[in-house]
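Read the structure below first, then the notes.
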There are 2 protein chains.
Amino acid sequence: MDRRRRKSREAIFAAFSELLSKKNFSQITVGEIIEHADIGRATFYSHFETKDYLLKELCEELFCHIFDSTKEHGHTHRHIFDCDAPDSVFLHLFQHLSRNDNHILDLLSSQNNDLFLRYFKVGLVDLIESQLETFEIRIPAELPRNFLVNHIAATFVETVRWWVENKMQESPELITKYFFLVIH
Amino acid sequence: MDRRRRKSREAIFAAFSELLSKKNFSQITVGEIIEHADIGRATFYSHFETKDYLLKELCEELFCHIFDSTKEHGHTHRHIFDCDAPDSVFLHLFQHLSRNDNHILDLLSSQNNDLFLRYFKVGLVDLIESQLETFEIRIPAELPRNFLVNHIAATFVETVRWWVENKMQESPELITKYFFLVIH
DNA sequence: ATTTTTATTGAACAATATGTTCAGTAACGA
DNA sequence: TCGTTACTGAACATATTGTTCAATAAAAAT
């Protein structure tokens with residue numbers, strides 16, 4: 001990608017992220033994004049069709065990164081069972097979040113956290129779907145697999161929500177413990 | 001309240017609900033609402049400051065109604081333990097939803113279901129908070145009460161979401177069973 | 001080093017949406 | 001019947017959106 005194009009794109013993402021951490025998505029205007037990113041109006045529209053697509057691409061950048069890195073871990077963990085915690089895919093996710101790369105936490109703590117948690121959950125469902133059998137969870141036979149996968153993903157997301165709403169005072173390890181207490 | 005005022009208010013709610021079941025909240029304009037409700041522009045703004053407040057008041061009308069009715073049930077159930085299912089506060093909620101009063105289901109099935117489920121969850125948290133001790137759920141001592149309440153409410157909401165996404169093929173009784181399988 | 005390709009700019013543009021104002025009219029309640 | 005309250009519809013200023021275009025500058029290719 002052309003360097004100029006990459007710089008514009010990054011400037012838009014940075015400006016948009018900062019605005020999102022301060023005010024509501026629906027109240028953010030394209031004009032504001034342009035102003036903060038310090039680019040021309042036509043440039044913005046040459047990159048993103050609408051504000052919604054911008055959000056979508058931002059989420060993909062943020063979360064694909066997380067899931068890719070945990071999937072690598074997941075693959076090793078799946079086979080190496082002498083690891084400290086066999087369930088640590090989730091621990092890794094919590095740790096990853098608490099490191100606050102790409103200012104994810106600022107976004108998850110903002111008024112717009114629903115927007116991000118929704119995207120996050122979709123990725124989680126895929127991850128859990130593909131690894132459900134490796135989890136040490138007793139699966140009631142009467143329960144649709146589908147339902148259980150959704151439940152685990154949703155519980156994880158809600159745990160994250162609770163965590164950030166409580167200013168993230170707990171360690172990733174403790175949060176992981178809470179998570180498994182309600183899942184098992 | 002003046003009959004004219006009540007009629008305008010109802011017309012706005014009806015028009016707004018219908019629009020919400022068809023298209024995205026952010027894409028609905030005040031102009032459209034006015035047109036469908038068949039009222040003057042100034043009338044709309046004499047009732048609701050913004051589209052967001054309109055949504056808020058609509059949610060309150062919808063859900064206060066549900067919670068009020070289940071709280072009455074809850075109070076009786078709390079003391080009458082020869083009832084078929086002592087946990088039936090949740091069964092009642094599922095049944096109430098499936099009756100589709102006020103077209104709640106249309107709204108919960110729409111693209112905007114997040115908006116409503118968010119409001120719904122807030123009411124649920126209050127309900128569960130006040131009745132947690134009456135539930136037959138073993139409470140791990142290490143878990144903050146706060147966390148558990150949020151988890152139960154979130155699980156209920158996610159169960160509803162799963163249900164409506166799957167076209168509500170299951171009976172309220174079966175859904176209640178799924179719910180308790182993952183909660184207990 | 002020169003040429004070609006590509007991206008950005010800024011301004012102008014029409015189209016749409018927002019929220020307010022006001023005088024006239026109709027419905028309400030007492 | 002009379003005073004009050006609500007609705008109307010049009011007009012209004014303002015803000016936002018998304019597009020267009022010619023000029024300019026940076027990057028890539030030769």
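Sequence lines set the chain letters: A, B, ... in the order given, protein chains first and strands last, and positions in each chain run from 1.
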| query | Does the separation of the ring centres of A/Tyr53 and A/Phe48 fall below 6.0 angstrom? | reply | no
Counting side-chain heavy atoms from CB outward, which of [options] is closest to [X]?
| X | options | result |
| --- | --- | --- |
| B/Ser46 | C/dA7, C/dC22, D/dC7 | D/dC7 |
| B/Thr50 | D/dT17, C/dG19, D/dA26 | C/dG19 |
| A/Ala42 | C/dT9, D/dG18, D/dA27 | C/dT9 |

| message | Taking atom types as they are modelled, would you say the side chain of A/Arg41 forms a donor-acceptor pair with the base of C/dG10 within the 3.5 Å cutoff? | response | no
| query | Ignoring hydrogens and angles, are the base of D/dA27 and the side chain of A/Arg4 linked by a donor-acceptor pair under 3.5 Å? | reply | no
| note | Comparing nearest nucleotides in DNA chain C, the 5'-proximal residue of the pair B/Met1, B/Gly31 is B/Gly31
Check the phosphate of [N] against [X], side-chain N and O only, distance under 4.0 Å to OP1 or OP2. Yes or no?
| X | N | answer |
| --- | --- | --- |
| A/Thr43 | C/dA7 | no |
| B/Arg5 | D/dT5 | no |
| A/Tyr45 | D/dG18 | yes |
| B/His47 | D/dA6 | no |

Using whole Å, report how far [atom1] of [X] lies from [atom2] of [N].
| X | N | atom1 | atom2 | answer |
| --- | --- | --- | --- | --- |
| A/Asp2 | D/dA25 | CG | C1' | 12 Å |
| A/Phe44 | C/dA7 | CZ | P | 17 Å |
| A/Lys7 | D/dA27 | NZ | C1' | 12 Å |
| B/Leu54 | C/dG19 | CG | P | 12 Å |
| A/Glu49 | D/dT17 | CD | C1' | 13 Å |
| B/Ile34 | C/dT20 | CD1 | C1' | 13 Å |
| A/Ile39 | C/dA11 | CD1 | P | 15 Å |
| B/Arg6 | D/dA6 | CZ | C1' | 13 Å |

| request: Select base, sugar-phosphate, or nothing to describe what B/Arg3 touches, counting heavy atoms under 4.0 Å on all strands. | output: sugar-phosphate
| message | Under 4.0 Å, counting only non-hydrogen atoms across every strand here, what does B/Thr29 touch: a base, just sugar-phosphate, or nothing? | response | sugar-phosphate
| request: May I ask you to say whether A/Glu158 pairs ionically with A/Arg161, meaning some side-chain N is under 4.0 Å from a carboxylate O? | output: yes
| task | Considering only NZ, NE, NH1 and NH2 on the basic side and carboxylate oxygens on the acidic side, decide whether B/Glu18 and B/Lys22 come within less than 4.0 Å. | result | yes
| note | Nearest heavy-atom approach of A/Arg118 to B/Asp114 is NH1-OD2, 2.7 Å
| Closest heavy-atom pair and its distance - B/Arg145, B/Glu129 | NH2-O, 2.6 Å
